Undergrad: 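One structure, pasted below without further comment.
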Amino acid sequence: MLITAELPLNQILLGDSIRLMRMLPSASVDCVFADPPYNLQLRGELRRPDDSLVDGVDEDWDKFSDFAAYDAFTREWLGECRRLLQKDGTIWVIGSYHNIFRIGVILQDLGFWILNDVIWRKSNPMPNFRGRRFTNAHETMIWAARQPDSRHKFNYQAMKSLNDDIQMRSDWLFPLCTGPERLRNQHGLKLHPTQKPEALLHRVLLASTSPGDIVLDPFAGTGTTAAVAKRLHRHFVAIERHPAYVEAALGRVSAIVPARMMGQVTTPSRRDAPRIPFGSLVERGLIAAGTTLHDRSRRVSAIVTADGSLISGDLRGSIHKVGAAAQNAPSCNGWTFWHLERDGKLVPIDVLRSLTP
Ligand SMILES: C[S@@+](CC[C@H](N)C(=O)[O-])C[C@H]1O[C@@H](n2cnc3c(N)ncnc32)[C@H](O)[C@@H]1O
């Protein structure tokens, strides 16, 4: 981690990202998360079978005259990101089939070293209304080190803990950003067409940064990266050129409180409970890092961490492992052993699984 006086830490800057990045000092950030214009090249409006209009991305910021113009823009902003990254820093760029291949080539041409291409598989994608192609159900994130000899950071154990003690794979399943997380204007319409889910950023930042690190987002939109960085005790520098998005992002980030809790709870049958790792409940904000869990009789307690493991005394591990150790038993179902307090009553953490889309 490197903090320089000239770096506008924990701010959302209004303006053109290339112009503003040029004003920042070299080798000053630890990680970049970039969600650039996709250059979707939409031709005409898209309608559903019932003739209603699809609320897609047709904003001016996503329009380029041709591929050459898009490539020139991409080369410029990626070049600036590389200058701003410290030697061991990494960059994440998210995109779709429209742009991710061009971005991959340019990343390699500029000297970045690709570490993974991570697939974000959408659990609730928009259908292909015309029925002329497959449902476009994923986006791709390229994760790259600044240079081939970077000693890049990868929090392997945190990723494994998030995934119930199984090595994390490069295909991640998350829903689109919906529900209360989705920012809306006074007419109830989406404030931004491509707001990313916080769960995605939670995993990205937990994998590749540490508390205190500096994360740059040159295309901040509604401030998803900044919001998650703040929640996870990382610093951020965010840039966005659309004033309404900056305003929304500022409000969103200032309202971030670490201990967000879930809403209405219903008890599902055990068969209905989706098989998801405990860590993904933390990623999705259904249980906050720092929450205290208890066994049913309140004899033992444990604290939830950001990577989904529990800490109880000197012990740290999965909900199952810490539960087993607490009872001196060979195994334990952490989902039914651990409880959290809701309105003065203890409820098993199992009920949270029913709240995931
Ligand atoms: C794909 S969206 C990012 C959405 C964001 N990740 C979120 O979760 O809200 C890209 C954003 O980049 C902004 N943008 C496009 N070109 C820009 C530029 N040259 N400088 C600054 N911002 C730009 C757009 O206004 C848009 O909000």
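Each ligand, and each atom within it, is numbered from 1 in the order the structure gives. A quick note: this is a predicted structure, and the numbers were derived from the prediction, not measured.
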Undergrad: Please could you name the atoms of ligand 1 that Lys196 approaches to less than 4.0 Å, counting only its heavy atoms?
TA: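 Taking each heavy atom of Lys196 in turn, ligand 1 has 6 (N), 7 (C), 8 (O) under 4.0 Å.
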Undergrad: To check your reading of the model: name the closest protein heavy atom to atom 20 (N) of ligand 1, its residue, and the distance in Å.
TA: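 Protein heavy atom with the smallest distance to atom 20 (N) of ligand 1: Ser17 N, 2.8 Å.
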Undergrad: Examine ligand 1 and decide if any of its atoms is less than 4.0 Å from a heavy atom belonging to Pro193.
TA: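 Judged by the 4.0 Å heavy-atom criterion, Pro193 does not count as contacting ligand 1.
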Undergrad: Measuring from atom 10 (C) of ligand 1, which candidate in Thr225, Asp35, Leu201, Leu183 has the nearest non-hydrogen atom?
TA: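 Result: the heavy atom closest to atom 10 (C) of ligand 1 is in Asp35.
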Undergrad: In terms of atom number and element, which parts of ligand 1 are under 4.0 angstrom from non-hydrogen atoms of Pro37?
TA: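 What qualifies from ligand 1 is 15 (C), 16 (N).
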Undergrad: Looking at Tyr70, is Arg102 sitting on its ring face, NZ or CZ under 6.0 Å from the six-membered ring centre and within 45 degrees of the normal?
TA: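 No; the conditions do not both hold, so Arg102 does not lie above the ring face of Tyr70.
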Undergrad: Listed by chain and number, what are the side-chain hydrogen bond (donor to acceptor under 3.5 Å, both in side chains) partners of Gln167, not counting sequence neighbours?
TA: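 Gln167: side-chain hydrogen bond (donor to acceptor under 3.5 Å, both in side chains) contacts with Tyr156.
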Undergrad: When the side chains of residues 243-250 are checked against the rest of the protein, which donor-acceptor pairs come out under 3.5 Å, sequence neighbours left out?
TA:
none

Undergrad: So if I count the atoms of ligand 1 from 1 in the order they appear, which ones are less than 4.0 Å from some heavy atom of Thr224?
TA: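 What qualifies from ligand 1 is 7 (C), 8 (O), 9 (O).
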Undergrad: Tell me if the aromatic rings of Trp172 and Trp120 count as close, with their centers under 6.0 Å from one another.
TA: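 Ring centroids of Trp172 and Trp120 are no less than 6.0 Å from each other.
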Undergrad: Quick check on the 6.0 Å ring-centre criterion: do Trp113 and His152 meet it?
TA: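 Centroid distance Trp113-His152: not below 6.0 Å, so no.
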Undergrad: Tyr245 versus ligand 1: do any nitrogen or oxygen atoms come within less than 3.5 Å of each other?
TA: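 So ligand 1 has no N or O lying under 3.5 Å from an N or O of Tyr245.
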Undergrad: Looking only at N/O atoms, are His242 and ligand 1 under 3.5 Å apart anywhere?
TA: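 No, His242 has no N/O under 3.5 Å of an N/O on ligand 1.
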Undergrad: Nearest to atom 9 (O) of ligand 1, what protein heavy atom do you find, and at what distance?
TA: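 Protein heavy atom with the smallest distance to atom 9 (O) of ligand 1: Thr222 OG1, 2.6 Å.
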Undergrad: Please identify which atoms of ligand 1 are closer than 4.0 Å to at least one heavy atom of Pro36.
TA: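 Near Pro36, meaning under 4.0 Å from one of its heavy atoms, ligand 1 has 1 (C).
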Undergrad: Just to check, does Ala249 reach to within less than 4.0 Å of ligand 1 when the distance is taken from its heavy atoms?
TA: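 False for this residue.
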Undergrad: So for Gly15, does at least one of its heavy atoms come nearer than 4.0 angstrom to any atom of ligand 1?
TA: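 The answer is yes, since Gly15 has a heavy atom less than 4.0 Å from ligand 1.
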Undergrad: Could you give me the CA-CA distance, side-chain angles and deciding distance for Leu24 and Val237, then say whether side-chain contact (heavy atoms from CB on, under 4.5 Å) is met?
TA: CA-CA 10 Å; Leu24 303 179; Val237 177; 4.3 Å; yes
Undergrad: Using the rule given for side-chain contact (heavy atoms from CB on, under 4.5 Å), can you reason through Asp30 versus Lys153, listing the C-alpha separation, both sets of side-chain angles and the distance that settles it, and then say yes or no?
TA: CA-CA 9 Å; Asp30 301 290; Lys153 186 176 285 175; 5.8 Å; no
Undergrad: Roughly how far, to the nearest 0.5 Å, is OG of Ser96 from CD of Glu139?
TA: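 With rounding to 0.5 Å, CD (Glu139) is 6.0 Å from OG (Ser96).
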Undergrad: Any side-chain to backbone donor/acceptor pair from Asn163 onto Asp165? Under 3.5 Å, distance only.
TA: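 Checking the backbone N and O of Asp165 against the side chain of Asn163, no donor-acceptor pair under 3.5 Å is found.
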Undergrad: Using the rule given for salt bridge (Lys or Arg N to Asp or Glu O under 4.0 Å), can you reason through Lys196 versus Asp35, listing the C-alpha separation, both sets of side-chain angles and the distance that settles it, and then say yes or no?
TA: CA-CA 9 Å; Lys196 295 296 174 291; Asp35 182 10; 2.9 Å; yes
Undergrad: Nearest heavy atom to atom 16 (N) of ligand 1 wins, so pick from Arg241, His192, Glu240, Met21.
TA: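 Result: the heavy atom closest to atom 16 (N) of ligand 1 is in Arg241.
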Undergrad: Out of all atoms in ligand 1, which are within 4.0 Å of some heavy atom of Asp16? Include the element for each.
TA: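 Selected atoms, number and element: 18 (C), 19 (N), 20 (N).
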Undergrad: Identify which of Leu200, Thr194, Asp217, Ile18 has a heavy atom lying nearest to atom 1 (C) of ligand 1.
TA: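 Of the listed residues, Thr194 has the closest heavy atom.
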Undergrad: Ignoring hydrogens and geometry, is there a side-chain-to-backbone donor-acceptor pair from Ser312 to Leu315 under 3.5 Å?
TA: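 Here the side-chain-to-backbone pair does not exist.
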Undergrad: Starting from atom 23 (C) of ligand 1, what is the nearest protein heavy atom, named by residue and atom, and what distance separates them?
TA: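 Going atom by atom, the protein heavy atom closest to atom 23 (C) of ligand 1 ends up being Phe219 CD2, 3.6 Å.
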Undergrad: Can you find an N or O of Gln195 that's nearer than 3.5 Å to an N or O of ligand 1?
TA: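 It does not: no N or O of Gln195 is found under 3.5 Å from an N or O of ligand 1.
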Undergrad: Which one holds for Cys177 and ligand 1: side chain close, backbone close, both close, or neither close, with close meaning a heavy atom under 4.0 Å?
TA: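 Contact part for Cys177 vs ligand 1: neither.
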